[in-house]
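Here's the structure, in structure tokens; my notes come after.
Hydrogens, waters and symmetry mates play no part in the numbers below; they use all other heavy atoms, side chains included.
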Amino acid sequence: QVQLVESGGDLVQPGGSLKLACAASDNIFRFTAMSWYRQAPGKERQFVAVIRTNNSTNYLGSLNGRFTISRDDARNTVNLEMSDLKPEDTAVYYCKALVLTESGDGLVYWGQGTQVTVSS
């Protein structure tokens, strides 16, 4: 089974920066796509960013360029660099891996999340 472990969440003031990491138990070359999602209490889980094997990326449009997703293949890690953080960024951030099998099935794996709190 694939295991994903997020780290880097913290309490930070508005305007500050954080770097989150998602460490995978497998070579991330295996994964068709790796994504970050976030969820605030009482709200639905929200897509944040995705990076694919061809290095194409997509982001939640309302982030206005404040977040950057990247991968470090040598460390089997996907990162999320966050800048100019706002209180509305407060959430548990989750890592997601998608594996597309040879038969065409898609398998999804989730980490347990890391808490980001943005507050004065």
Within the structure provided, determine whether Glu81 and Leu18 are in side-chain contact (heavy-atom separation under 4.5 Å). no
So, does Tyr59 use its side chain to make a donor-acceptor pair with the main chain of Phe47 at under 3.5 Å? no
On a heavy-atom basis, which atom in Asn79 and which in Ala21 lie closest, and how many Å separate them? OD1-CB, 3.6 Å
I'd like to know if the side chain of Arg71 reaches the main chain of Thr53, judged simply by a donor and an acceptor atom lying under 3.5 Å from each other, with no hydrogens or angles considered. yes
Applying side-chain contact (heavy atoms from CB on, under 4.5 Å), can you list everything that pairs with Lys86, at least two apart in sequence or on another chain? Arg66, Asp84, Glu88, Asp89
How many angstroms lie between OG in Ser35 and CD1 in Ile69, if you round to the nearest 0.5 Å? 6.0 Å
Stepwise side chain to side chain contact (heavy atoms under 4.5 Å, CB included) check, Thr68 with Leu80: CA-CA 6 Å; Thr68 301; Leu80 185 70; over 6 Å; no
Taking all non-hydrogen atoms of both residues, which atom of Ala33 and which atom of Val50 are closest, and how far apart? CB-CG2, 3.8 Å
Are Leu60 and Leu85 grouped together when hydrophobic residues (ILVMFWY) are joined by side-chain heavy atoms under 4.5 angstrom apart? yes
What distance separates Gln46 CD from Tyr37 OH, expressed to the nearest 0.5 Å? 10.5 Å
Residues 4-16, side-chain donor-acceptor partners within the protein, below 3.5 Å, at least two apart:
unit_1, atom_1, unit_2, atom_2, d
Glu6, OE1, Gln112, N, 3.1
Glu6, OE1, Gly113, N, 2.9
Glu6, OE2, Cys95, N, 2.7
Glu6, OE2, Gly113, N, 3.3

Return the minimal non-hydrogen interatomic distance between Val78 and Ile51, and the atom names on each side. CG1-CG2, 4.3 Å
So do the side chains of Val92 and Arg38 get within less than 4.5 Å of each other, counting heavy atoms only? no
Roughly how far, to the nearest 0.5 Å, is the OG1 atom of Thr32 from the CZ atom of Arg52? 10.5 Å
Within 6.0 angstrom of Gln3 CD, more than 12 heavy atoms from elsewhere: no
I need the full list of disulfide (SG to SG under 2.5 Å) pairs touching residues 36-87, with sequence neighbours left out, sorted by first then second residue. none
Check the pair Asn76, Asp26 against side chain to side chain contact (heavy atoms under 4.5 Å, CB included), reporting the backbone distance first and the verdict last. CA-CA 7 Å; Asn76 291 332; Asp26 295 80; over 6 Å; no
Using a 3.5 Å distance criterion without hydrogens, assess whether the side chain of Thr117 forms a donor-acceptor pair with backbone atoms of Thr90. no
Value for OG (Ser70) from CE (Met34), rounded to nearest 0.5 Å, stands at 11.5 Å
Is the charged tip of Arg45 near the ring of Tyr94: under 6.0 Å from the six-membered ring centre and within 45° of its axis? yes
Minimum heavy-atom separation for Gln115 to Ala91, with atom names? NE2-O, 3.4 Å
Rounded to the nearest 0.5 Å, what's the gap from NZ on Lys19 to OG on Ser83? Could you check? 13.5 Å
Note, Thr101 side chain near Leu107 side chain (heavy atom, < 4.5 Å): yes
Give me the ring orientation class for Tyr93 and Phe67: parallel if the planes are under 30° apart, tilted from 30 to 60°, perpendicular past 60°. tilted
Give, for atom CD of Gln39 and atom CD of Glu44, the distance between the pair rounded to the nearest 0.5 Å. 8.5 Å
